[in-house]
2 protein chains.
Amino acid sequence: MRFSKSVPWSGPILDITQVINQSPELDEILEKSAKLMARTGYHGASMRDLARVTGRSLSGLYHYFQGKEDLLYLINQSGFSSLLNMVDELEAAAMGPSEKLHNLICNHIGYFADHLDEMRVIVFGTQDLTSKRSRKISNLKENYRKKVQVIVGNYITDKKGYPPDTSELERKTFLLFGMMNWIFSWYSSGDHGPAQDLAEDIFNTFTRGCAGN
Amino acid sequence: MRFSKSVPWSGPILDITQVINQSPELDEILEKSAKLMARTGYHGASMRDLARVTGRSLSGLYHYFQGKEDLLYLINQSGFSSLLNMVDELEAAAMGPSEKLHNLICNHIGYFADHLDEMRVIVFGTQDLTSKRSRKISNLKENYRKKVQVIVGNYITDKKGYPPDTSELERKTFLLFGMMNWIFSWYSSGDHGPAQDLAEDIFNTFTRGCAGN
DNA sequence: AATACTACCGAACGAACGTTCGAACGCAAG
DNA sequence: CTTGCGTTCGAACGTTCGTTCGGTAGTATT
């Protein structure tokens, strides 16, 4: 038990870094909530709306989490933890810099395309979380960004024979994130083909874009 | 007078396509509202919050517009109209395809960097507008996207000697928008240098990225 | 049969929301 | 001086918000 005061079953373990949502019901609630919040934003989706789309009663929802804000926190944490897990595996893998960058982009785009609604919620930001939680999510995000930046840096170093200066590397990494993350606003697999084709296009565009000085 | 029922001075002309905010007070309200909404989102900024940041009373605000939703509409309309005006001028200019694309990116990034808060509000979407107004903004956005796509298409055609197929062109255009628009989430002129340098970097990355097949 | 616990709900609470209304102010025209 | 108008405001309206509380089934354990 995590909470000294006895609570029915004390909700999800909110302080853990890993993605262990030990309840399929909560997972379903998170997914359907993200689907709604992706359209309306966090404040735009009321608890009554969330009760309706999850097929539950208003008060019944509170059995799975302690407050509305938990939903936003869990959606963000789940997303960034998954991305971090993927890049951690990639870090350890035996691969050339180019292949690593290619895999990174495929993983990122693949996850994004599979969790478009959650990613849309994440793009809207963490302003509505308590500052402590907002900082926690920001740390996850910054960790991920730095690991991606290392992979991009290794690629450029390998390609050009010398490392890029930090501000150029940082900027290029942000441009890559731009191409990848902006798909939240336009991509659907039905209209624009499979995610892997898109990942391929981004990889080609970015690597060729890094070609010159 | 625009409204049959006599109203003090009837608010802004909301149905016009151009950016004619005939009141500097309204402009100031829009700017300060965008600054707050960029952090909190539309629903996250209450009319009482907006009254505070604009230095006015709650009810006093209603002299300059008819409802909270007008603010969101006007911010969106102002942004897209400005972007459209710039690209319209560029369309008419006598310039080569490469120079046109270069100017387009400089204009877009320059406007974005100068109106970061407004652009952040715009990125959050028009879900909170009435469907009629939401459609109006979507039309402006789609118009802009198509004009940019034409310029990108002319550049690629000129560079490769033959036109790209539509789905490739559409995708490349979205990737360009990704690099440009994603700056809403990271760019500040203090930390990352002047906007024109950034525009240069995006132009180089994109054009080199279009080099291959 | 009694107990304990999980899962769930209807009803209600106080707070905050967007909006309205009547009244006041300053100032230029009659 | 009085009138009318653009501008601003405090107070209040009805609604919706997130959350809480008391209670009820159903199930497993004793």
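By convention in this document, chain letters (A, B, ...) are assigned in the order of the sequence lines, proteins followed by strands, and residues within each chain are numbered from 1.
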Novice: Salt bridge check, Arg171(A) against Glu168(A): does any charged N sit closer than 4.0 Å to a carboxylate O?
Specialist: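 Result for this pair is no, no salt bridge flagged.
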
Novice: More than 12 heavy atoms of other residues, nucleotides or ligands under 6.0 Å from CD of Glu89(A): is that the case?
Specialist: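 It does not: Glu89(A) CD has 12 such atoms or fewer within range.
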
Novice: Just wondering, more than 12 heavy atoms not from Gln149(A) lying within 6.0 Å of its CD?
Specialist: yes

Novice: Take the protein atom CZ of Phe65(A) and the nucleotide atom P of dT20(D), then report the distance between them rounded to whole Å.
Specialist: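 Nearest whole value for this atom pair: 12 Å.
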
Novice: Among residues 52-61 of chain B, which ones have heavy-atom contacts with DNA chain C below 4.0 Å?
Specialist: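 Within this stretch, Leu58(B), Ser59(B) sit under 4.0 Å of the strand.
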
Novice: With a 4.0 Å cut-off, would you call Arg133(B) and Asp70(B) a salt bridge?
Specialist: yes

Novice: Is Ser82(A) close to Asn85(A) at the side-chain level, that is, under 4.5 Å between some pair of heavy atoms?
Specialist: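 In short, these two side chains do not touch, never coming nearer than 4.5 Å.
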
Novice: Tyr62(A) OH to dA12(C) P: how many Å, rounded?
Specialist: 18 Å

Novice: Please tell me if Tyr64(B) has a side-chain N or O lying less than 4.0 Å from either OP1 or OP2 of dT8(D).
Specialist: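 Yes, such a contact exists.
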
Novice: Are there over 12 heavy-atom neighbours, none belonging to Glu200(B), within less than 6.0 Å of that residue's CD?
Specialist: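 Buried by this count: over 12 neighbours within 6.0 Å.
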
Novice: Taking all non-hydrogen atoms of both residues, which atom of Ala34(B) and which atom of Ile75(B) are closest, and how far apart?
Specialist: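 Distance-wise, the nearest heavy atoms are CB-CD1, 3.9 Å.
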
Novice: For the pair made of CG in Asp70(A) and P in dG18(D), what is the distance, rounded to whole Å?
Specialist: 13 Å

Novice: Near DNA chain D, under 4.0 Å by heavy atom, which residues of residues 41-51 of chain A?
Specialist: Ala45(A), Ser46(A), Met47(A), Arg48(A)

Novice: With side chains defined as the heavy atoms from C-beta onward, is the minimum distance between Thr205(B) and Met179(B) less than 4.5 Å?
Specialist: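 They are in contact (side-chain heavy atoms under 4.5 Å apart), so the answer is yes.
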
Novice: Would you indicate, yes or no, if dT8(D) has its OP1 or OP2 atom less than 4.0 angstrom from a side-chain nitrogen or oxygen of His63(B)?
Specialist: no

